[in-house]
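Written out below as structure tokens is the structure these notes cover.
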Amino acid sequence: MLSNNDGCVIARSNEAKALGIKMGVPAYQIEEQVRKHDIAVFSSNYTLYGDMSGRVMHILQSFVPEMEIYSIDEAFLHFSGMDLFDLKSYAAKITHTVCRSTGIPVSMGVASTKTLAKIANKFAKKYKAYQSVCIIDDEDKRRKALKLTEIGDVWGIGRQHSKMLKYNGIETAYDFACKSRAWVRKKMTVTGERTWLELNGEPCVESELIPPKKKQICTSRSFGIPQTDLEGLKEAVAAYASICAEKLRAQQSCATSLLVFIHTNSFREDLPQYFSNSLIRLPVPTNSTMEIVHYALKALHNIFKKGYRYKKAGVIITEIVPDTAIQTNLFDKVDRKKHARIMKVVDELNSGFTRNMLSLAVQGTDKQWKLKREKLSPCYTTKLSDIIIIK
DNA sequence: TCTGGGGTCCTAGGACCC
DNA sequence: TCTGGGGTCCTAGGACCC
């Protein structure tokens, strides 16, 4: 599967992995292999994945008192207070139910900490014999699992730390867990220390049962076709700003300032380069699409220069406040109640099957700048672009 | 021709204050 | 005979995640 814009490989089947196709390689570099082995290639389709994810999560939720959705395809299920359950058969029941109802195969790792559960899950996925469920519930199994886990595969240990640890003679999760706490703290600060504690069976990665509100909201994309004139950029920036406003409203927040950036393709060293951004403070915190788009375009005007082939643009909102605590401005001329009413209607119309039904005219209709998605899978469960439901 | 997007947390260092 | 010290706030950058 490819990233946005059909740029890089971001997910691979076991068969593709076996052919040596690496994560993150540019798609154009593997064209030869794709032809030769008849590999199926797909553009990303996040609306579809979001919908399927929702169905899976809904089923999982019905099995446990507490659950944390960690990402689009992962969740932490809390079995606390379920000591009398036979976890092995219960977990098997969960994975079967999900697969039967959605067609999506899932695996489960069970352990006393999240980091260990992630390791257990890797085993569950990797070895058929586990039948999708792996449990680490005693010291012996823990040690064995850690010894079989490469240090770079541990949740929380990325490329840089992995390199540093290997340099220090640490090859496996077990080697790492055997180091002293002070050494880990010194080399990898508190985050590394937390991973160390978790591997040693002490839970310390906080649980977030209610997802916290975002402190930062960003919408940015590369363009399918590079944009040279202001008009195309205006449409894109307006569209991204509008998505940011939607995200703000979804979490009952307002923006106090926004940043717009644009840049050329840095890979094209043969072309003139330009990177720029503009930060604008809003007179009054807002989540109205009309206002946010207005200021985003103003920011764009501040930085736009003719004569470049722009590859990417984005809108970032960093100072986010709750929509209940708005510091109003004496000279404020915006009818905020009216904006709020309009936005409510827009959000309702744009939900579910009629996503993107309503947008501001400035976002344009032909969307030349939009993503390249030449290998899109069918959107069976989500949007069929021109359907309008009339009640 | 062709290289993703959206987040978080932590730390160091600079600016500023008294 | 040699440039205070300690606090806070902000930002940039690094590291990590999916």
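Each chain gets a letter, A, B and so on, in the order the sequences are listed, and its residues count up from 1. Scope of the values below: all heavy atoms of this structure, side chains included, with no hydrogens, waters or symmetry mates.
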Starting from P on dC18(C), measure out to CD1 on I69(A) and report it in whole angstrom.
-> 16 Å
Is there a side-chain contact between S220(A) and F261(A) (heavy atoms, below 4.5 Å)?
-> yes
Starting at CD1 of I72(A) and ending at C1' of dG4(B), how long is that distance when rounded to a whole Å?
-> 14 Å
So, is S222(A) close to the dG5(B) phosphate, meaning a side-chain N or O under 4.0 Å from OP1 or OP2?
-> yes
Between K213(A) and G24(A), which is nearer to the 5' end of DNA chain B once each is assigned its nearest nucleotide?
-> G24(A)
Do R185(A) and V190(A) come within less than 4.5 Å of each other through their side chains, counting heavy atoms only?
-> yes
Mind running salt bridge (Lys or Arg N to Asp or Glu O under 4.0 Å) on D270(A) and R268(A) for me, showing each step along the way?
-> CA-CA 5 Å; D270(A) 53 320; R268(A) 292 294 304 272; 2.8 Å; yes
Could you tell me the separation between the CZ atom of F223(A) and the C1' atom of dG5(B), rounded to a whole number of Å?
-> 14 Å
Identify the nucleotide, in any strand shown, that forms a Watson-Crick or G-U wobble pair with dC18(B), with both distances under 3.5 Å; if there is none, say none.
-> dG5(C)
Consider only side-chain N and O atoms of K305(A) and S276(A), and report whether a donor and an acceptor are under 3.5 Å apart.
-> no
Base, sugar-phosphate, or nothing: which does K215(A) touch, judged by heavy atoms less than 4.0 Å apart?
-> sugar-phosphate
Value in whole Å for how far the C1' atom of dG6(B) lies from CG of L259(A) | 15 Å
May I ask you to say what D6(A) touches in the nucleic acid, namely base, sugar-phosphate or nothing, with a heavy-atom cut-off under 4.0 Å?
-> nothing
If you look at every strand shown and take non-hydrogen atoms under 4.0 Å, does I217(A) touch a base, only sugar-phosphate, or nothing?
-> sugar-phosphate
So, do K166(A) and S162(A) sit near enough that their side-chain heavy atoms are less than 4.5 Å apart?
-> yes
Residue pair F176(A) / I157(A), side-chain heavy-atom distance below 4.5 Å | yes
Would you indicate what Q160(A) reaches in the nucleic acid, counting non-hydrogen atoms under 4.0 angstrom: base, sugar-phosphate, or nothing?
-> sugar-phosphate
Working for salt bridge (Lys or Arg N to Asp or Glu O under 4.0 Å), residues D51(A) and R55(A) | CA-CA 7 Å; D51(A) 179 68; R55(A) 297 177 188 210; 3.2 Å; yes
Rounded to the Å, how far apart are K214(A) NZ and dC18(C) P?
-> 15 Å
Would you say dC2(B) has OP1 or OP2 under 4.0 Å from some side-chain N or O of N5(A)?
-> no
Ranking dC18(C), dC2(B), dG7(B) by distance to the side chain of Y70(A), first place goes to dC18(C)
Just how far, in rounded Å, is P of dG14(C) from CZ of R159(A)?
-> 15 Å
Side chain of P26(A): nearest nucleotide among dG4(B), dG7(B), dT3(B)?
-> dT3(B)
5' priority, DNA chain B, between R221(A) and R309(A) [closest heavy atom] | R309(A)
Please state the C1' separation for the pair dG4(C) and dC16(B) - nearest whole angstrom.
-> 16 Å
For DNA chain B, determine which residues of residues 172-206 of chain A have any heavy atom closer than 4.0 angstrom to one of its atoms, and list them numerically.
-> T189(A), V190(A), T191(A), R194(A)
Close residues, residues 310-320 of chain A, relative to DNA chain B [heavy-atom separation under 4.0 Å] | K311(A), K312(A)
Hphob cluster co-occupancy, L376(A) + M52(A), side-chain heavy atoms under 4.5 angstrom | no
Which part of the nucleic acid does S266(A) contact within heavy-atom distance under 4.0 Å: base, sugar-phosphate only, or nothing?
-> nothing
Check whether the side chains of R249(A) and T289(A) place a donor and an acceptor atom closer than 3.5 Å, and report yes or no.
-> yes
Looking for any heavy atom pair under 4.0 Å, which part of the strands does E74(A) touch: base, sugar-phosphate only, or nothing?
-> sugar-phosphate
Closest nucleotide among dC18(C), dT8(B), dA15(C) to the Q216(A) side chain | dT8(B)
Could you check whether I157(A) gets within reach of a base, just the sugar-phosphate, or nothing at all, counting any heavy atom under 4.0 Å?
-> sugar-phosphate
Using whole Å, report how far CG of N45(A) lies from P of dG5(B).
-> 16 Å
Identify whether any heavy atom of V154(A) sits under 4.0 Å from a base atom; if not, whether one sits that close to sugar-phosphate; answer base, sugar-phosphate or nothing.
-> sugar-phosphate
Is it the case that more than 12 heavy atoms not belonging to K213(A) sit under 6.0 Å from its NZ atom?
-> yes
Taking atom P of dG5(B) as reference, at what distance in whole Å does atom NZ of K247(A) sit?
-> 12 Å
Are S71(A) and D73(A) close enough that a side-chain donor and a side-chain acceptor fall under 3.5 Å?
-> yes
Give the nucleotide from the list dC18(C), dG7(B), dT1(B) with an atom nearest to the side chain of R268(A).
-> dT1(B)
